[in-house]
Amino acid sequence: MEPLPSSVLPAGVRSRILPDINGLDIHILEAGFEPRGRPAVMLFHGFPELAYSWRKVLPALGAAGYHAIAPDLRGYGRTTGWDADYDADQSGFRFTNLLRDAIGVLYALGHRTAEAAVGHDFGSAVASYSSLARPDIFKRMALMSAPFAGPTAVPFDTDGKPPAAKAPDIHAALAALPRPRKHYQWYQSTREANENQWRAKQGLHDFLRAYYHYKSADWKANKPYELKGWIAEELAKMPTYYIMDLAEGMAESVAKEMPSAAEIAANKWLTEAELKVYSGEYQRTGFQGGLNWYRARTSGRVTPELEIFTGRTIDQPSTFISGKSDWGNYQAPGALEKMQKSVCTNMKAIHLIEGAGHWVQQEQPDEVNRLLLAFLKT
């Protein structure tokens, strides 16, 4: 696999492949790589994203004196060595193995520590568990768009007490609503999800355009707020990119919100040329690698090992940066408050940026860079 061509990258950002790291050849984008010895900052992307999602952040970190490193995570882009088969072993996508990937990249580049783990969307979970498990390596943590509610809990003080009541079946409850619905994470775990998006009737490029538009501040109906709880009636208040109509796939869900030609032409944060980098990569790889992250989570087969961290807190300096129009802040009811009040004991600030939805580091990069650099220098 060849690196990304320099023609699609900002000045000062380079693409290369790091061979033989935890069974993978890992593609990275980096800035500030000269001179050697600069402090490292690791950037973890989400779905359906790539290392390229940090293209507007990498140059600012490099200019500020950091070695900024953004890998295509396992299952994505130009990183190879993972299995794209739906029936492949999911264990490679468990968070402890993703942490091994991250440490492998950091060490390969000659760093024993990183000034910060920075994560967006699903990458927020990688940054969180990296910070939780190895505070000696990751000195700070910055999360974007996905609050971390803490590690998997172990039942406590149960001896001699009746078993806890079984939680209601949220999927049955969503399906039974007057407008039948389903949760996107469990849809993304199904066998048909990859083909639905990869072979979307509207074409892959237009699918991604609609998906990015629908979750951004450009879609004016994105006015999120805290939900009352993990109950069907509350979850159903979210848009269909999170709580989908029961009978539709993701491609059909986002097609209804396809922006007009004029809206596409006016989009400055994700131009057609930039979107073609995404669509070109996903046309080649499909989505199954990224979808395997959902499968590893929703199956329940690989998450019990996270119970080893039960009760642990993240004590490094931390911050949360997100778009004010991002439903990701609230899709897990109570997570934002729990992160701020108990999970992160040294949470410096929570920033919700005007004019940004879910893709905050792309929609409002100048403000993200200002906040991130201020946090790193504090």
Side-chain angles (χ1 to χ4, degrees), residues 1-6 8-10 13-31 33 40-55 57-58 67-86 88-111 114 117-127 129-130 138 188 193-194 197-198 204 208 274-297 302 361-362:
M1 179 60 63
E2 294 296 318
L4 273 173
S6 59
V8 303
L9 298 174
V13 175
R14 75 177 178 185
S15 163
R16 59 190 177 120
I17 308 292
L18 302 178
D20 195 23
I21 295 176
N22 196 19
L24 303 175
D25 291 342
I26 297 182
H27 171 246
I28 66 166
L29 298 182
E30 58 182 339
F33 40 85
V41 175
M42 288 206 71
L43 304 150
F44 304 107
H45 67 79
F47 177 90
E49 297 185 276
L50 300 163
Y52 185 72
S53 301
W54 297 107
R55 67 194 176 280
V57 176
L58 289 161
H67 183 191
I69 306 156
D72 276 345
L73 298 176
R74 179 179 293 262
Y76 290 92
R78 301 195 173 214
T79 289
T80 57
W82 49 274
D83 192 340
D85 192 333
Y86 179 84
D89 182 5
Q90 295 173 31
S91 63
F93 294 90
R94 66 196 190 278
F95 280 116
T96 49
N97 199 45
L98 299 170
L99 174 53
R100 288 180 64 202
D101 294 346
I103 293 173
V105 168
L106 195 63
Y107 272 44
L109 294 172
H111 298 284
V118 183
H120 175 254
D121 185 77
F122 235 136
S124 175
V126 180
Y129 278 106
S130 297
F138 299 98
Q188 296 286 42
N194 179 51
Q197 293 160 99
W198 192 16
L204 177 58
L208 286 171
E274 289 171 322
L275 185 62
K276 284 179 181 176
V277 175
Y278 289 101
S279 60
E281 294 296 273
Y282 280 106
Q283 188 68 61
R284 179 172 48 78
T285 65
F287 293 93
Q288 192 60 61
L291 297 179
N292 281 343
W293 291 46
Y294 290 106
R295 294 187 65 216
R297 179 185 182 277
V302 296
Q361 80 275 38
Q362 299 183 74

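Closest heavy-atom contact between G286 and N194: C-OD1, 3.8 Å. When all heavy atoms of I69 and P71 are compared, the pair lying nearest together is O-CD, 3.8 Å. Between V13 and A31, the closest heavy-atom pair is CG2-CB, 4.2 Å. Here the closest non-hydrogen pair linking F287 and P48 is CE2-CB, 4.0 Å. Of all the heavy atoms in G119 and A127, the pair that sits closest is N-CB, 3.7 Å.
A distance-only check finds a donor-acceptor pair linking the side chain of W198 to the backbone of Y282 [under 3.5 Å]. Remark: side-chain polar atoms of R16 are not paired, donor with acceptor, to backbone N or O of L4 under 3.5 angstrom. Looking only at distances, a side-chain donor or acceptor of D83 sits under 3.5 Å from a matching main-chain atom of D85. A side-chain donor-acceptor contact under 3.5 Å links T79 to the backbone of D72. Under the 3.5 Å distance criterion, the side-chain polar atoms of D25 are left unmatched by any main-chain donor or acceptor of P19.
Atom CD1 of I21 is separated from atom CZ of R74 by 11.0 Å, given to the nearest 0.5 angstrom. The OH atom of Y129 sits 11.0 Å away from the OG atom of S124 when rounded to the nearest 0.5 Å. The distance from the CD atom of E30 to the CG atom of L43 is 11.5 Å, given to the nearest 0.5 Å. Note that CG of L109 is 7.5 Å distant from CE of M42, once rounded to the nearest 0.5 Å. Remark: L204 CG to E281 CD distance equals 11.0 Å, nearest 0.5 Å. Separation of atoms CD (E49) and CG (L208) is listed at 11.0 Å; rounding is to 0.5 Å.
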*Taking it one step at a time, do E2 and R78 satisfy salt bridge (charged side-chain N to carboxylate O under 4.0 Å, His left out)?*
CA-CA 8 Å; E2 294 296 318; R78 301 195 173 214; over 6 Å; no
*List the steps and the verdict of side chain to side chain contact (heavy atoms under 4.5 Å, CB included) for Q197 and Q188.*
CA-CA 10 Å; Q197 293 160 99; Q188 296 286 42; 2.9 Å; yes
*Decide ring pair (Phe, Tyr, Trp, His ring centres under 6.0 Å) for Y294 and F122; before the verdict, give the C-alpha distance in whole Å, the side-chain angles of both, and the deciding distance to 0.1 Å.*
CA-CA 9 Å; Y294 290 106; F122 235 136; 5.0 Å; yes
*Under the side chain to side chain contact (heavy atoms under 4.5 Å, CB included) rule, what do L24 and D101 come out as? Steps first, then yes or no, please.*
CA-CA 8 Å; L24 303 175; D101 294 346; 3.8 Å; yes
*After noting the C-alpha distance and the side-chain angles of H120 and S53, does the key distance pass the side-chain hydrogen bond (donor to acceptor under 3.5 Å, both in side chains) rule?*
CA-CA 9 Å; H120 175 254; S53 301; over 6 Å; no
*Assess whether side chain to side chain contact (heavy atoms under 4.5 Å, CB included) is satisfied between V118 and F44, documenting all intermediate values.*
CA-CA 6 Å; V118 183; F44 304 107; over 6 Å; no
*Starting from the C-alpha separation in whole Å, work towards a yes-or-no answer on side-chain hydrogen bond (donor to acceptor under 3.5 Å, both in side chains) for N97 and R100.*
CA-CA 5 Å; N97 199 45; R100 288 180 64 202; 3.2 Å; yes
_Chi angles and distances behind the side-chain hydrogen bond (donor to acceptor under 3.5 Å, both in side chains) call for H67, H111_ = CA-CA 10 Å; H67 183 191; H111 298 284; 2.8 Å; yes
*Full working for side-chain hydrogen bond (donor to acceptor under 3.5 Å, both in side chains) between Q362 and R55*: CA-CA 8 Å; Q362 299 183 74; R55 67 194 176 280; 2.9 Å; yes
*Residues Q90, R297; criterion side chain to side chain contact (heavy atoms under 4.5 Å, CB included); working and verdict*: CA-CA 10 Å; Q90 295 173 31; R297 179 185 182 277; over 6 Å; no
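Exactly one residue among I28, N22, L73 makes a side chain to side chain contact (heavy atoms under 4.5 Å, CB included) with V105. That residue is I28. Checking Y76, W54, Y278 one by one against H45, the ring pair (Phe, Tyr, Trp, His ring centres under 6.0 Å) holds for a single residue, Y76.
Between P10 and L58, the closest side-chain pair of non-hydrogen atoms is not below 4.5 Å. Within the 4.5 Å cutoff, side-chain heavy atoms of L98 are placed close to those of W293.
For the pair R14 and F33, the distance from NZ or CZ to the six-membered ring centre is under 6.0 Å and the angle to the ring normal is within 45 degrees.
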